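Below is one structure, written out as structure tokens; comments come after it.
Quick note: numbers below take in every heavy atom, side chains included, and nothing from hydrogens, waters or symmetry partners. On a predicted model such as this, the values are computed, not experimentally measured, just so you know. The sequence lines fix the lettering, A, B, ..., with proteins before strands; numbering per chain opens at 1.
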Number of protein chains: 2
Amino acid sequence: MMTLRSTPTAPIDEDRLDLVFKALSDRTRRQMLAMLSRGSATVSELAAPFDMSLPAASKHLKVLENAQLVIRTKSGRVQTCTFQPDPMAHADQWLEHYRVFWNNRLESLKSYLEDKDSDT
Amino acid sequence: MMTLRSTPTAPIDEDRLDLVFKALSDRTRRQMLAMLSRGSATVSELAAPFDMSLPAASKHLKVLENAQLVIRTKSGRVQTCTFQPDPMAHADQWLEHYRVFWNNRLESLKSYLEDKDSDT
DNA sequence: GCAATGGTTAACCAAAGGGTTTAGTGTTTT
DNA sequence: AAAACACTAAACCCTTTGGTTAACCATTGC
């Protein structure tokens, strides 16, 4: 099935990939995503494990929010952050094109190991 | 098959992920990788499609090289760049943990939660 | 030997990143 | 009403990033 977008490599997609990969390129943000993958959390909860100020953690969350990897829902004075996987699926789809390169490699490794095992 | 590394989330891995995702977060570099996935190329060839100076393109290549996504082999005055998929496989492996969220959503989420529960 | 080719290095620039502290805004709680 | 809480916003700092131009190797060709 074709995508509904007119041009497959439209700038809009590239923009999204820029944002997603940039969001994933920081270990603090990756760890925040790991936390959120285990369930929604407040800003304070997400900031707690890190050795940085709350504003700093909040900035990281904003990057994730900008990449649409998390959505915040305000309820009273607490903001609940929820993991939103779609952009990651987009990145995954981009990687798909390259997956054959290391699948081949693992396949080769596998047959190599099988050969080696059959020698012993 | 288990990885040989002692600690699965060692800083060294995080460093690698930082480099890879950062390398992938620029569309120029992604396009360079797309070119290289169709075969090795020289620096000039890789720089040609882009509306930027050669030094600028060379810097992008250095970022890719730093992430070990390309390796350069010098032969005379020409430098041939070759795609190296391993780091991308590493990023892919990181994504694997989240794939359940968009792949077969409910079913996979269920098994993910079961796995998670069995960890505790 | 000299000039062209392929590329890097260096110096510079503006903008973005990642952190800080201080101050401010709205909610709860007491 | 006042204090505590959960944040955000603003101002600032330093480093990194992505680009430029100009100068500088090397290697190759004539």
Side-chain angles (χ1 to χ4, degrees), chain A residues 11 14-36 39-83 87, chain B residues 11 14-36 39-83 87:
Chain A
E14 295 295 324
D15 285 347
R16 287 186 61 199
L17 284 174
D18 282 2
L19 289 174
V20 176
F21 281 128
K22 199 156 289 185
L24 298 183
S25 73
D26 183 284
R27 73 195 61 190
T28 300
R29 292 193 288 265
R30 285 197 303 274
Q31 197 173 329
M32 282 178 168
L33 288 173
M35 296 172 70
L36 288 173
S40 297
T42 70
V43 173
S44 304
E45 285 168 352
L46 286 168
F50 302 103
D51 187 22
M52 64 177 69
S53 64
L54 190 59
S58 184
K59 277 190 188 178
H60 280 299
L61 275 172
K62 188 178 283 182
V63 174
L64 292 172
E65 199 183 8
N66 250 245
Q68 290 178 273
L69 281 162
V70 320
I71 53 177
R72 295 156 116 122
T73 55
K74 198 172 160 189
S75 156
R77 65 183 169 185
V78 286
Q79 302 216 356
T80 304
C81 301
T82 309
F83 176 49
Chain B
E14 295 295 326
D15 284 346
R16 287 186 61 200
L17 284 174
D18 281 2
L19 289 174
V20 176
F21 282 128
K22 198 157 291 184
L24 297 183
S25 73
D26 183 284
R27 73 195 62 190
T28 298
R29 292 193 289 265
R30 285 197 303 275
Q31 197 173 330
M32 283 178 169
L33 289 172
M35 296 172 68
L36 288 172
S40 298
T42 70
V43 173
S44 304
E45 286 169 351
L46 286 169
F50 301 103
D51 187 22
M52 63 178 68
S53 64
L54 190 60
S58 184
K59 277 190 187 177
H60 281 298
L61 274 172
K62 189 178 281 181
V63 174
L64 291 172
E65 198 182 9
N66 250 246
Q68 290 177 273
L69 281 163
V70 319
I71 53 177
R72 294 155 117 121
T73 54
K74 199 173 160 188
S75 157
R77 64 182 168 185
V78 182
Q79 302 216 358
T80 304
C81 301
T82 309
F83 177 48

When rounded to whole Å, the CG to C1' distance for the pair A:L61 and D:dA6 reads 13 Å
Go through D:dA22, D:dT17, D:dT8 for me and flag the one nearest to the B:P55 side chain. D:dA22
Side-chain N or O of B:Q79 less than 4.0 angstrom from OP1 or OP2 on D:dA26? no
Using heavy-atom distances to pick each residue's nearest nucleotide on DNA chain D, tell me which of B:S75 and B:V63 is more 5'. B:V63
d(CZ, B:R29; C1', D:dT17) in whole Å: 8 Å
When rounded to the nearest 0.5 Å, the distance separating CG of A:L46 from OG1 of A:T28 is 12.0 Å
Exactly one of B:L36, B:L69, B:I71 should register a side chain to side chain contact (heavy atoms under 4.5 Å, CB included) with B:T82. Which one does? B:I71
Does the side chain of B:S53 get closer than 4.0 angstrom to OP1 or OP2 of D:dT21 through an N or O atom? no
Looking at B:S58, I'd like to know whether one of its side-chain N or O atoms comes within less than 4.0 Å of OP1 or OP2 on C:dT8. yes
Under 4.0 Å from OP1 or OP2 of D:dA6: is there any side-chain N or O of A:S44 that close? no
Taking A:L64 as the fixed residue, which of A:K59, A:R30, A:R29 is the one that meets the side chain to side chain contact (heavy atoms under 4.5 Å, CB included) rule? A:R29
Spacing between A:K22 atom NZ and D:dG18 atom P, to the nearest angstrom: 6 Å
Let me know, please, whether A:D26 or A:G76 comes out on the 5' side of the other along DNA chain C by nearest nucleotide. A:D26
Start with the C-alpha distance between B:L33 and B:V70, add both sets of side-chain angles, then the distance that settles side chain to side chain contact (heavy atoms under 4.5 Å, CB included), and finish with yes or no. CA-CA 8 Å; B:L33 289 172; B:V70 319; 4.2 Å; yes
Starting at atom CE of A:M52, determine the distance to atom P of C:dT20, rounded to an integer number of angstrom. 7 Å
Separation of C:dA4 atom C1' from B:L54 atom CG, nearest Å, is 15 Å
Measure the distance from CZ on B:R27 to C1' on D:dT17 and round it to the nearest whole Å. 15 Å
Grab the CZ-P distance between B:R30 and D:dG18 for me, whole Å please. 11 Å
Are B:R77 and C:dT8 close enough that a side-chain N or O sits under 4.0 Å from OP1 or OP2? no
Taking only N and O in the side chain of B:R72, is any of them less than 4.0 Å away from OP1 or OP2 of C:dT8? yes
Within this structure, what is the NZ-to-P distance between B:K74 and C:dT8, rounded to whole angstrom? 9 Å
May I ask you to say what B:T42 touches in the nucleic acid, namely base, sugar-phosphate or nothing, with a heavy-atom cut-off under 4.0 Å? sugar-phosphate
Would you say A:K62 places a side-chain N or O within less than 4.0 Å of OP1 or OP2 belonging to D:dA9? yes
Taking N and O atoms by type only, does the side chain of B:K59 place a donor or acceptor under 3.5 Å from a partner on the base of D:dG19? yes
Output yes when a side-chain donor or acceptor of A:R72 lies under 3.5 Å from a complementary backbone atom of A:Q79, and no otherwise. no
Check every atom of D:dG19, D:dT8, D:dA11 against the side chain of B:H60 and return the nucleotide holding the closest atom. D:dG19
Are any of the side-chain nitrogens in B:R27 or A:D15 under 4.0 Å away from the carboxylate oxygens of its partner? yes
